[in-house]
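Read the numbers this way: they start at 1 and go in the same order the structure lists the ligands and their atoms.
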Amino acid sequence: MQNPPLLPTINSPKDLVGLRAADLERLAGEIRETLCGLVEARSAHFASNLGVVELCLALHTAFDFSRDRLIWDTGHQIYPHKLITGRYDEFPTIRTKGGLMGYPNPAESDYDLFVTGHAGSSVSTALGLASGDQLLRDHENRWSVAVIGDGAFPSGVVYEALNNAKRNGKRLLVVLNDNRMSICHRVGGVADYLDRLRMNPIYSGLKEEVARVLSKVPLLGDPVERLLAQMKEAAKAGFHGGMLFEDLGMRYVGPIDGHNIALLRKYLRMAQRGDGPVLLHVVTEKGHGFRPAAEDPVTFHAPPVFQRDCDRVVAMAKSAGRTFTHVASDSIRDAMAANNRVTVLTAAMCQGNKLEKVRDEFPDRFFDTGICEAHAVAFAAGQAKVGMRPIVDIYSTFLQRSFDHIFQEVALQNLPVTFMLDRGGLSGPDGPTHHGVFDLAYLRVFPNMVVMAPGDASEVAPMLAIALEHPQPCAIRYPKAAADVVAGQRSPVRFGKAEVLREGPDGAILAGGALLGECLKAAEQLHLEEGLSLTVVNARFIKPLDTQTLLPIIEQSPFVVTVEEAAVAGGFGSAVLEACSDAGVSPGQFRRLGVGDHYVEHGEREELLADLGIDAAGIARVCRELSHAPAANLAG
Ligand SMILES: Cc1ncc(C[n+]2csc(CCOP(=O)(O)OP(=O)(O)O)c2C)c(N)n1
Ligand SMILES: CC(=O)[C@@H](O)[C@H](O)COP(=O)(O)O
Ligand SMILES: [Mg+2]
């Protein structure tokens, strides 16, 4: 008779206490089965979660995270943790509006400490937790554990934390989860270094012994000697690798098999017996336990919905049609073909930015910096200084990591770096960490910076052409959305010029970006339903604003509504109000539509646009209201 499933009976990690090794193995299988079941229903982070199942069980049985502290770096691999911390029943709702978040969320469980989604900060926050606990006497023996992937590990902030770990890390454990993958294959010197460490079968306690033996191994000679030589290389790497971390004040342990629960527990317990800081190097396989994912972890990082038969994929949903990202990547490709000074940089998002073809066609001018956005921007500035035309192709939310380099290395020097800001707007099921809604505000403040927002996908290529001709830094921001094109007679994109698409005396809608289509739909609806004749403007340039076009329209319109898929604080609507104020223009009724002073949860983009009132229906609603309201100076 088959045993009843265990996973539904685990309401908290305390229910793991006393489970036998065989039960933990069985639980690991059930967690994997649940993960597979989820991606049969919806796209979600998959391969990374399959890879940490044993590590998660080992951590929760070796520590008590109702006291100790656990941070999963980035947080995209938190699903097994959610499943054993009281969220099994709700698990099918993950990444849906109102359901569980796809990342850690303290509002869901005390076992989640921070809302995260950006990579690299776990070691710093764990160190802060450890330091705080040390200062609070009754907390002092709690351990703080950061689990960080090898993709996130090269982030500069990790080294800033390691640099401080010696002083504050008495109870700090960093688990380096090395699966040889970022979203794409990991790159760079740290990746090579970890590869060398992986060849090392020797654990930390034996290092001195190894060093002694090594000095006696010959380097050249017959096949046996060559084998010995290879071993020497491997061991040397391990020896020096451990030393690197140890020189920084960490105790280095590993590498160990991250799919062996008993072994993991043994090492986790061993780490707890001494003082920290400790770095435990764990080797796992991304996609472990589901063959197609292990063989192709890039596709299965967050695959489209698929059907399976045992460990075979029998059907996979086709990804949605052409998006802004496709158009941007094609435009970048064309620009690179036309001008050999153009380079492109990605911070580990080659797949998300659909740059694979560009990478393969222009390997010398394609740069993957790893998850190192700050470095990517300063590096681009260096290239621009010597006459290259770098394009930083990056998600809006991740560019936040580079704020100071945008200021100092790019804008202050007035260097012609082009930022292609993908996911500029609501990123959907990833939620608040990934919505790229602050970019207009954080870019617009810098003198010299040009900020463009295409009204539709047809404007991406011409805007890129303008950026690559312009002698100053330029940003082009566009959403994670279908590459729709607005129909009708269009005017060519010209530097600093807006486009007027509809003209009418009853009010004006000013679109700051790709919600232009929604604005036009709203205007059409109001025309049909209310007989209103509205002006609709495609601003195209958030900075410099085309005040010549905009201000007369604002002066003549009974009401003005600005629309943007961005935070209104500091965004497009605010820029328009500033321009009015500077020019002494008093707008009539004025409403800024966009994201208010709050974070936006996860959900489908369309659902979120509707909630925020920036879809056609919401825009029409506000226009209707304003058209009925008595004229007044209502800047909102
Ligand atoms: C600051 C930042 N840049 C980029 C990303 C996008 N991103 C999410 S997961 C990931 C790869 C992480 O690799 P790793 O840490 O090794 O985890 P794995 O998926 O291999 O378990 C990337 C690039 C991010 N979340 N945060
Ligand atoms: C964890 C992470 O940051 C990425 O995997 C992100 O979820 C990708 O988002 P897109 O699906 O928009 O490319
Ligand atoms: Mg990895």
For [atom], what's the nearest protein heavy atom and its distance?
atom: atom 25 (N) of ligand 1; answer: G117 O, 2.8 Å
atom: atom 21 (O) of ligand 1; answer: N179 ND2, 3.3 Å
atom: atom 15 (O) of ligand 1; answer: A152 N, 3.1 Å
atom: atom 13 (O) of ligand 2; answer: Y395 OH, 2.6 Å
atom: atom 23 (C) of ligand 1; answer: I371 CD1, 3.4 Å
atom: atom 11 (C) of ligand 1; answer: S182 OG, 3.3 Å
atom: atom 10 (C) of ligand 1; answer: I183 CG1, 3.5 Å
atom: atom 26 (N) of ligand 1; answer: A119 N, 2.9 Å
atom: atom 3 (N) of ligand 1; answer: E373 OE2, 2.6 Å
atom: atom 6 (C) of ligand 2; answer: D430 OD2, 3.4 Å

With heavy atoms of [X] as the reference, note each atom of ligand 1 found under 4.0 Å away.
X: G151; value: 13 (O), 14 (P), 15 (O), 16 (O)
X: R401; value: 1 (C)
X: G149; value: 14 (P), 15 (O), 16 (O)
X: A348; value: 23 (C)
X: S48; value: 18 (P), 19 (O), 21 (O)
X: T74; value: 25 (N)

Taking the side chain as everything from C-beta on, heavy atoms only, tell me whether [X] gets closer than 4.5 Å to [Y].
X: K480; Y: Y395; answer: no
X: I148; Y: W72; answer: no
X: V39; Y: F306; answer: yes
X: F419; Y: V417; answer: yes

Tell me which one of [options] gets a heavy atom nearest to [atom].
atom: atom 10 (P) of ligand 2; options: H434, R95, R423; answer: R423
atom: atom 20 (O) of ligand 1; options: Q400, M181, M349, H76; answer: M181
atom: atom 4 (C) of ligand 2; options: H76, K480, H45; answer: H45

Checking heavy atoms under 4.0 Å, the part of H118 that sits near ligand 2 is neither
Parallel, tilted or perpendicular: which fits the ring planes of [X] and [Y], with parallel below 30° and perpendicular above 60°?
X: W143; Y: F63; answer: perpendicular
X: H259; Y: H288; answer: parallel
X: F300; Y: F46; answer: tilted
X: F245; Y: Y193; answer: tilted

The N/O/S atom of D150 lying closest to the Mg ion (ligand 3) is OD1
Do side-chain atoms of [X] reach the backbone of [Y] as a donor and acceptor pair under 3.5 angstrom?
X: E30; Y: L7; result: yes
X: R477; Y: V451; result: no
X: N49; Y: I78; result: yes
X: R42; Y: P92; result: yes
X: D150; Y: M181; result: yes

Quiz item: Between the Mg ion (ligand 3) and N177, is there an N, O or S atom separated by less than 2.8 Å?
Solution: no
Return yes when at least one N/O/S atom of M181 is nearer than 2.8 Å to the Mg ion (ligand 3), and no when none is. yes
May I ask you to check whether Y103 and Y79 place their ring centers less than 6.0 Å from one another?
no
Which of the numbered atoms in ligand 2 are below 4.0 angstrom from a heavy atom of [X]?
X: Y103; result: 1 (C), 2 (C), 3 (O), 7 (O)
X: F398; result: 3 (O)
X: I183; result: 5 (O)

**Request:** Determine, for D611 against K97, whether the closest basic-nitrogen to carboxylate-oxygen distance falls under 4.0 angstrom.
**Result:**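 Yes, charged N to carboxylate O under 4.0 Å.
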- [ ] Return yes or no for this condition: an N or O of H434 is under 3.5 Å from an N or O of ligand 1.
- [x]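 No, since none of the N or O atoms of H434 sits under 3.5 Å from an N or O of ligand 1.
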With sequence neighbours left out, the residues meeting salt bridge (charged side-chain N to carboxylate O under 4.0 Å, His left out) with D330 are R322
